[in-house]
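Just below is one structure, and these are the notes that go with it.
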Amino acid sequence: MEYNAFASLSHFRILLVPVGSISRATFDQWAAEIRTLENLRLSDIPPGTKDEKARFMPSPKSKGYLHLCFPTHPPPSSHYAMSLFRPSLFPLGVIGIASCSHTDSLSSIAAEFNATVKDLFPPDSLYPLAKNCFVFEEDDGTTNLNLGDHLPGLVIIPSMMGNKKENIETLLADLCSNILAEFSTVVNTLESPLGNEYLNATLFPFLPSASDFPRQLVDDEPERLSRVPSQPEHSPVPARRVSTPILGMKRNPSTGPSSPMASARQSTLNVPMARKRQSLIGAASSHGRLFKVLGDLFILAGRTEDASVWYTEALTLFKTSTDSLWHASTLEGLATLSLLDAWSGQGFQTSISTSKEPWGDISERLDQAISLYGRPGPLPEPDQRYDLHAYLYTVAILRHSSLLFAAWAAKGWGPLAFTALMHPGPAPYIPPTLSHPDSHLPRNRDRLSSFSGVTRSQIAAVLSQVHGPWLLHLGHRERIAVLESVAYLYSSLGYHRKEAYILREVVGCIMDLVVCAREEDGRSYLPGIAANGKESGDLGAVAVKGIERSTGNESVLKLVKFVCEMHGIDVEAVTFVNPSTQDEGGAPQDVNADDVQEDPYGWPELQIGIIREALAVAEALPDPPSVAQFSLSALKSLHAVLGDDDQHHMYFTSGKALTAAKRRGETRSIEYWSGRPVVSIELLQPPPSRLLVENPVSVLAQQRSEGAGQISQMTGPFLYNPRKSVTARGSTLVVTDEPLEFVLTLRNPFVFDLEIQNLSLSTSGVAFDMKPISLTIPANSYHPVTLTGKPLEDGSLVIRGCHVQAPGGASREFLLPLATAEEEEHRFRRRSAAACESDRTKYSGLESRSKKSEKRNSTLVASALSKRTIPKFLECTVVPEQPLLRIRWSSLVHGAVMLYNGEKSTLRLTLENVSNLPVDFLRLSFDDSTIGPAQAALAEGDLSIYDAYETEYQLINRPVFSWDREQEDTEIPAGRKVAIVLTCSGKVGCTSGGIYISYGYLHRPQSTLSQPQETFHTRQLSYPVLVTVYHMLECHNMDVFPLDQGGCEETSEDGRAILFKDVEEEGWCLFSIDVRNTYGLPFEVTLNRVQKNAPPTSTTCIVAPGATTRMVLPLKKIQLPEEITSQAIPMLSDRQFVVDKTKLSTAEYKLQRELFWYREELFKSVRGHWREAGGTRSGELSFRQQRMTLPMLATLRTESIRIHLELYRRGSETSEEQISVMRKNGTYHPAPYQFVYLRVRIANLSFQPLVLTADTTVDPADHVIQEGVLSDVPIGRLEKGEERELEAPLCFVACGRFHVQVEARAVDGAVREARVGSATLKVVVSEDNPE
């Protein structure tokens, strides 16, 4: 970048050029050494001769400085028109830098240096005024240093010289002395009448050559004009010159130097009085421009006092003229002088004593200069150099902006500001206030504004004047230099958006130069060949491809990337990777990259325009890798706002660019760019026949009941077991060398079809064999794809994600962890922390671009990330090879079976081993349509304790399918078959079922016995069965009543005799139930009695279709011990902790348990069976739907105290003979008016001794005569099984029916308790009864 320094008008420019075969590094080294000499004391400059050329020479005691500047590039050719207008723009001298060894020729170096200087400057150029070549010796004193007299201007600096810097400073002083001497020559020419006419002839005059002077002035020594004195008050000028108004200036003795040496030297510069001639200069031209040129030369010579005098005189003349450009340039010179005085300490004290800012006067002068540059007034057509005019205007604005910027950055007017303003370059001086790490923070810029009194907006307001249509008049080089300076100031001020805007124009200017140069180079490569490659003349068509150079492309692209970054466009969102250093699969994408959604930054319309410009720049350079990177990065980060045409264009452009880059030898590959293409990975479950189940070896020792499998889901102490769900989510089991299928869901958010060159799974653990696939994802869609592979060994296989490779790009690994509860919680915590942090602080402007990094570095997000758990991936456990069975044959037709309720049927299945491994473990489990609803009802817990028991009973003891468990040890060799036999039972409500055959290879050879096998794996075959069950018999109205009630009156005499054989009245009861036939066929129903201590018997009847038959069966009463009846109603499963929702008292709980246990004992004593009338089909008749009531319990249960009543009479009063009263059908028939005896036999049938009393009542009591007391008759203590008798005489005095009842009560101390036994005797008194 060309640096426009504020004090450039005082910079003594000396051009540094390389000479000969010197290397770039060596040239830079010596150029840097020379640039360290920024200031050269005037006292160190040789005074030279005391002739006319000593006019600008400093005196030995001068205190000023020459401010040296060492550019390495000559000025543009368009600037040579300002050779006299602004001499500080041009190199006053040239220094050649060469290196010399013993093989180099000094004469060739000198010739090359002269040729180089001649090529750098136009032939008619005023500059350079002096030149010299520094030859630095490389070897140790072996170079021939004998120059002779024929190589002037060539200086050798030996390598053995110790202090080279001091020698270089001396050489520079000599060179500067020669240049200052040439200043006098220039001024002498301009002081002539013709020179002054040339100076005022055009807006940008040039120095007349010798051929332009009249011959008499050339041949003879002409009489010169009275020269304009360097010091007006000391120059002896003839009277006639003083009286004429040619100078138009006032003499101010105070402005001249007091040194007599200066007066003597300046007096020698006047033309001799002996040769004078009349001049017409005063009549045609003003001396304002001449005075301004003198001021420019004196300020370059470091003589600020002389420069101030001439600038002041020139300013006085320009105020009354319309020469606005020279007027403005004079003001700039005065502003520079003020800075030089402040820098040297002469004007600092006076500046701070005023009420203005110290730099106020300088700023005002620059404002005036800018104003004058902005309105130059009417100019003749030949003088309309818009390019130079625009250049001067923009440089003046930059000078003013630099002044304010230096004061702002240095916290005011002081040495730091002077250093920044005087810095000659080549790069701008960065003060410490803008170079520390926190300088970019807003608070630091606000602090600078507060200290300096200059705000950033003031600087920007001045700087903004530089931008306008006049920039189009500048040449490309000048325009780039101006725009770069503006961009630098905006960047330092923190106005990065303005900086990016200016840099866009810089890139545009550079690309214009690139295109123009390309067009110039492509016009004709060979004679007769047109630029478009067509034939020109008679020559044939020949295509010539020029050599493309990439020098400088990186810098241009860096500017483009910066502009994109300032507008929120990440053109490096997709990067290139080097395959040689890249790990296989590339760096995996962060599993949380997409968790935090950032707010969009920037204006989409502007971003789209900028990315188009970036693509155009990259294509024009050309740089195919950058074209691909910009296109794909825009698609990745801006696809939501890009139009359809833009997306298509960028996608196809990137493909062409990648192809071109590969063709040109690009070894890098671009990473995958389309975000995260994989949405989910899912392992397809194999067919049910190939699924694996892992079982512990301990299950082989368990003796499970046949129905235990029906409630396997309920085998836990709680209704809900959270650990069960965790164990169920274990790793998936797969088999070695068996194919696995994974379904990947891919996403394409773009409007074009996305091509994937290679897609494969990313695995770890055991070796996994699979082939990558290529595919195309349709536009704006989710696309599932299936990948197939197989594990090659047993162990653990982890599916981390997938590898994706786009055409021409590098492979990228995308991790896809499982959506576990911990992972979801971590993501939620991360998103919450980011949202909380984003809402906590408001970001404005470009600060929002750093929001992402600040959020990640915040304490809140860091604490959330610290709690992150290790992600879990899809994991498969690979087990050794397993056998494989299939069902070869079944006895069922179409897999269906039809049964009656309670009927059992047999079915056969033939299994075939189609693998190379044997099967030595076989186990069957079953399912049917009744199990699910029953398990759901149990899980809900709304069933009563009775219903829950009955539900579990039906599941366990009445399964639909069962089999002989002895077949578990059946072994099926490889390639062999075996048949198994199953039993199917009819169950009302069952519509379907399933047979599940689990098998495995347990006793496989082990490689070592040190680690016994803890688990084994099984596979399962399923066989669905369609079940149809006909409900034909229903049972109702179960009852239990005493035996003496005549409940078998409907039974025939023969049947009654058989049924009641060995049945006594005491200790027996009758069981009855109604059986209804709802089917269309008659059934033979049989009730069997299977009681202990009672002979077996049965009763059978045929129930016609639609008929209901009551069946009766005598049962012996039951007495259950208290330790049984006190037990809680059991759960047939392990659900022991079921809370009973009913709130009953202790007595109610006791009664409930007695009802349950006696009901269970009753069902054990009575069995029901049915048989199809005239057929062979039979089955079981279930009574489980019947309930037991309290009267049934009282009848069925054996009394604690048994009381036997009997009536007898005696033959005579003295006889002891006892004659039984006639009894018929359980009723006694005594005669009236006779005493009979009631014999009461009481037996203790309980399990503990009792103290009893007896109460006897006769109804009706008014017609009975009794002897003694019948109430509270003490019986005494009866031990277990003990029996006692009581007698009571009775006399019935009326005919009719009487009831005699005896109750036994247990006595515990003084408290009478409830009765423990009773008996009733029926008596019919009639006159017809025998006596």
Side-chain angles (χ1 to χ4, degrees), residues 9 52 55-56 79-90 92 124-127 129 182-214 217-218 222-230 232 237 241 244-249 269 271 277 279-301 306-307 309-333 372 376-377 379-380 382-385 388-389 392:
L9 294 179
E52 292 185 355
R55 188 173 184 178
F56 291 90
H79 285 189
Y80 282 98
M82 296 188 294
S83 300
L84 297 177
F85 180 83
R86 182 154 295 177
S88 61
L89 283 177
F90 304 92
L92 305 177
D124 57 347
S125 174
L126 175 64
Y127 307 101
L129 301 177
E182 293 299 325
F183 281 1
S184 299
T185 303
V186 174
V187 171
N188 290 338
T189 304
L190 294 177
E191 285 178 343
S192 66
L194 183 61
N196 196 34
E197 289 295 338
Y198 268 89
L199 187 61
N200 291 271
T202 61
L203 180 63
F204 298 105
F206 57 91
L207 188 69
S209 61
S211 61
D212 295 330
F213 284 93
L217 295 179
V218 176
E223 177 188 3
R224 287 184 174 268
L225 287 172
S226 175
R227 294 182 182 85
V228 179
S230 298
V237 182
R241 298 299 180 193
T244 59
I246 59 173
L247 296 181
M249 57 178 288
L269 297 179
V271 179
R277 62 191 298 265
S279 174
L280 301 176
I281 185 173
S285 303
S286 170
H287 286 76
R289 293 189 179 186
L290 179 60
F291 296 162
K292 187 261 181 189
V293 172
L294 286 172
D296 290 340
L297 296 179
F298 275 116
I299 196 173
L300 288 174
D306 295 340
V309 171
W310 293 115
Y311 276 144
T312 304
E313 295 298 334
L315 188 62
T316 303
L317 296 178
F318 286 140
K319 288 181 180 180
T320 60
S321 67
T322 59
D323 205 352
S324 59
L325 294 186
W326 288 77
H327 187 183
S329 181
T330 305
L331 291 173
E332 288 187 271
L372 291 172
L379 296 175
D383 289 346
Q384 290 182 359
R385 290 294 303 271
L388 300 181
H389 186 188
L392 294 173

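Keep in mind that this is a model prediction, so the values were computed, not measured.
Closest non-hydrogen pair, A314 versus G288, comes out as CB-O, 3.5 Å. Nearest approach of Y80 to S125, heavy atoms of both residues: CE2-OG, 3.3 Å. The minimum heavy-atom distance between V293 and L84, with the atom names listed, is CG2-O, 3.6 Å. Smallest separation of non-hydrogen atoms from H79 and L89: ND1-CD1, 4.4 Å. Smallest separation of non-hydrogen atoms from I299 and A307: N-CB, 3.7 Å. Taking every heavy atom of both residues into account, L300 and L9 meet most closely at CD2-O, 3.3 Å.
Annotation: the span from L317 atom CG to T312 atom OG1 amounts to 11.0 Å, rounded to 0.5 Å. Interatomic distance, CG of D124 versus CZ of F206, reported as 8.5 Å (0.5 Å rounding). In this structure, CD in E313 is found 12.0 Å from CG in L290, a value given to the nearest 0.5 Å. Here CG of L199 is found 9.5 Å from NE2 of H287. Values are rounded to the nearest 0.5 Å. Taken from CZ in F318 to CZ in F291, the straight-line distance is 9.5 Å, to the nearest 0.5 Å. Taking OH from Y311 and CD from E332, the interatomic distance works out to 9.5 Å, rounded to the nearest 0.5 Å.
Taking 4.5 Å as the limit, every side-chain heavy atom of E197 sits out of range of all side-chain heavy atoms of S192. Residues L331 and L372 are in side-chain contact: their nearest non-hydrogen atoms beyond the backbone lie under 4.5 Å apart. L392 has its side chain out of reach of S329: every pair of non-hydrogen atoms, C-beta onward, lies at least 4.5 Å apart.
Here R55 pairs with E191 in a salt bridge; the nearest charged N to carboxylate O distance falls below 4.0 Å. Classification of R86 and D296 as a salt-bridged pair fails, no side-chain N sitting under 4.0 Å from a carboxylate O.
Side chain of W326 to backbone of L203: a donor-acceptor contact under 3.5 angstrom is found. K292 places no side-chain N or O within 3.5 Å of a backbone atom of G333 that could act as its donor or acceptor partner. Side chain of N200 to backbone of N196: a donor-acceptor contact under 3.5 angstrom is found.
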Handout entry: L297 and W310: CA distance, side-chain angles, deciding distance, side chain to side chain contact (heavy atoms under 4.5 Å, CB included) verdict
Key = CA-CA 10 Å; L297 296 179; W310 293 115; over 6 Å; no
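Classification of the F90-Y127 ring pair by plane angle, with boundaries at 30° and 60°, yields parallel. Aromatic ring pairs are classed by plane angle as parallel below 30°, tilted from 30° to 60° and perpendicular above 60°; the pair F56 and F298 is tilted.
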